[in-house]
Amino acid sequence: MISTLRAGLARGGIELKQTLTTPSDLSSYLIPALILFGTIFFQRDAHVPGTSFSLGASTLPGVFGMGIAFGSLLTVAQLLTVEREDGTLLRAKATPNGMGGYLAGKAVLVGGMTGVSLLLQLVPGLFLVEGLHVSATGWLTLLWLVPLGFLATMPLGAVLGSIFDNPRNMALVTLPIFGLVALSGIFYPITGFPGWLQAIGQVFPIYWLGLGMRSVFLPDSMALVELTHSWRHLETFGVLALWTVVGLGLAPAVLRRMARRESGSAVEARRQRAMATVGR
Amino acid sequence: MTLTGELDAGLDVPVDERVIDVRDLRMRYGAKDVLAGVSFTARRGEVLALLGPNGAGKTTTIEILEGFRMRSAGEVRVLGVDPAGAGEHWRARVGVVLQSWRDHGKWRVRELLKHLGTYYAPYSTDEIRRPWPVDDLLDAVGLTAHADQRVMRLSGGQRRRLDVAIGIVGRPELLFLDEPTTGFDPAARREFHDLVHRLTDVDETTILLTTHDLDEAEKLADRIVILNDGLIIADGSADQLSRQVTGLTEVRWTRDGQRFIHAAEDATAFVRQLFLQYGEDIADLEVRRNSLEDTYMKLVLDAEGGER
């Protein structure tokens with residue numbers, strides 16, 4: 001068990017190093033950060049309605065929160081479908097304790113990748129965007145919020161990645177998630193929506209990660225523009241913990257079912273299908 | 001030897017020496033029987049080749065033995081354990097080399113072998129030290145010069161040798177090789193055959209191999225099992241098979257510049273007679289037993305003819 005975990009950590013570390021030294025991967029970390037700061041730059045004169053607080057500064061923390069949910073959920077789902085197709089998962093299955101090591105490695109890799117993109121947005125954000133600062137209790141909030149955010153979203157990504165076995169069908173996952181982002185009050189305050197849309201938004205982790213991040217980076221007076229005029233830490237913790245329980249409860253069974261179906265001929269069939277799609 | 005219907009192969013091997021023991025294995029997809037009652041065994045240190053036309057059930061059989069696929073019916077024991085419910089300890093004693101792997105493209109060769117080796121370390125025993133030290137392994141498969149290359153930059157043959165290296169990094173007692181030399185050039189193929197001989201001679205590794213290359217089966221396998229349409233239609237060494245299919249051996253020679261070909265029942269007696277009769281006049285003598293390819297074609301055609 002310990003040696004499996006250690007192998008998984010080593011695996012995640014190696015793959016994290018690989019992605020950070022691959023130019024095409026690096027651009028996928030940098031480009032979103034650049035787009036984000038570009039947008040904020042052009043919004044620099046806009047203010048949150050009714051206050052003198054800059055709109056850019058009020059949006060940015062929510063984007064950090066979305067990044068955690070988005071990054072860990074989608075990356076896990078994507079990696080699982082791609083690595084099922086290229087045989088990485090079958091390799092793990094053919095290795096003693098390989099599946100455990102594989103999953104631990106993925107958690108480290110995706111945690112690391114999301115962490116790196118978060119830092120790429122957070123560090124310049126703290127320096128460039130006026131109005132963001134973190135208090136001592138804010139850092140404490142980050143300590144539980146970020147790990148809980150990973151735990152709430154990564155298993156869900158694993159479940160989605162197990163259900164879709166064709167990487168080219170991933171749009172079926174990404175599109176609804178983009179829709180969900182729109183409902184989650186990241187770019188546009190959730191208070192502007194009708195009640196039933198607010199209710200849907202508050203079911204999913206993205207809204208709560210955004211809210212939690214705003215509570216860390218924005219002054220407490222900004223809580224007034226949120227629902228119920230408070231940061232609702234207890235609810236944030238509760239909803240994210242609930243998703244963690246659901247995800248961790250569901251993921252092992254779904255992953256096991258997926259792993260059971262892996263075989264040489266399954267990988268070969270997917271390879272043939274991929275070749276046929278590329279050839280078209 | 002039977003050429004049609006069920007054939008039980010290798011039942012004469014004592015039970016405790018059977019690394020693979022398959023009894024009446026059946027696999028059914030919908031209404032189609034892919035395996036219709038297959039029985040065979042493999043002894044420790046033996047190289048067993050599984051031959052047969054596409055769709056004969058080779059892949060299904062090997063995947064059931066690898067523990068990657070559930071069977072419909074029958075008894076299967078691999079290293080004394082049913083692969084359908086085998087645990088990680090069993091997994092550590094088995095090596096698998098499949099056909100189409102494109103995984104770990106960003107990894108470097110040495111890095112990957114070292115990492116995958118760590119999973120086997122807890123299963124090291126006094127008799128079998130696991131994993132295989134990386135540098136020795138790289139040397140054994142001829143990848144030392146490419147140790148620091150990324151996996152995606154390897155040529156087809158090098159990639160295949162890496163797959164074999166991964167298959168044996170845990171020093172398996174049983175190794176599954178699914179069409180191992182597809183895409184190899186002749187030199188790489190020769191090196192691969194030497195590696196297989198080394199594995200079986202030095203480490204007593206048992207190998208189950210599928211191939212379409214009959215020449216390879218003849219060179220590597222101690223025993224050949226031919227599957228057709230879900231049934232075993234022949235089992236034996238290449239020699240036994242060819243002798244039993246047709247008793248005829250081809251003899252070629254020249255006399256006074258003229259070529260002769262004769263199919264002899266008893267080639268030795270025939271050649272003796274030839275020399276007695278013509279002595280020094282005989283030149284360019286060749287004696288050729290049926291090739292495995294001839295034997296294989298005849299067996300498969302006979303089996304299919306029997307059904308029609």
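First the proteins, then the strands, lettered A, B, ... as listed; each starts at 1. Side chains included, hydrogens not; waters and symmetry mates left out as well; all remaining heavy atoms used.
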(request) Applying salt bridge (charged side-chain N to carboxylate O under 4.0 Å, His left out), name anything that partners B:E179, two or more places apart in sequence or on another chain. (result) none
(request) Side chain from CB out, backbone as N, CA, C, O: work out which of these in B:W90 comes under 4.5 Å of a heavy atom of chain A, or both, or neither. (result) neither
(message) Tell me whether A:R84 contacts the main-chain N or O of A:G161 through its side chain, where contact means a donor paired with an acceptor under 3.5 Å.
(response) yes
(request) Please look at A:E262 and chain B and tell me whether the side chain, the backbone, both or neither of the residue comes under 4.5 angstrom of a heavy atom of that chain. (result) backbone
(request) Before accepting this row, confirm whether a basic side-chain N of the pair B:R161/B:D163 lies closer than 4.0 Å to the acidic partner's carboxylate O. (result) no
(message) Quick check: closest heavy atoms across B:R171 and B:R130, and the distance to 0.1 Å?
(response) O-NH2, 3.4 Å
(request) Go through the atoms of A:L90 and report whether side chain, backbone, both or neither lie under 4.5 Å from a heavy atom of chain B. (result) both
(message) Can you tell me which portion of B:I166 sits under 4.5 Å from chain A's heavy atoms? Options are side chain, backbone, both or neither.
(response) side chain
(message) Under 4.5 Å from any heavy atom of chain B, what part of A:S3 do you find: side chain, backbone, both or neither?
(response) side chain
(request) Let me know if B:R93 has heavy atoms under 4.5 Å from chain A in its side chain, its backbone, both or neither. (result) neither
(message) Quick check for you: among A:A266, A:G101, A:A94, A:A259, which has the greatest number of heavy-atom pairs under 4.5 Å with chain B?
(response) A:A94
(message) Which atoms of B:E111 are under 4.5 Å from chain A, going by heavy atoms: the side chain, the backbone, both sets, or neither?
(response) side chain
(request) Check each atom of B:H104 against the heavy atoms of chain A and say whether the ones under 4.5 Å are side chain, backbone, both or neither. (result) both
(request) Step through the shown structure and confirm whether more than 12 heavy atoms of other residues, nucleotides or ligands are within 6.0 Å of CG on A:L143. (result) yes
(request) In sequence, state the C-alpha distance, the side-chain angles, and the governing distance for A:T88 and B:D103, and then conclude on side chain to side chain donor-acceptor pair (under 3.5 Å). (result) CA-CA 5 Å; A:T88 310; B:D103 58 314; 4.8 Å; no
(message) Taking A:E15 first and then B:K106, would you say they form a salt bridge - that is, a charged N and a carboxylate O separated by under 4.0 Å?
(response) no
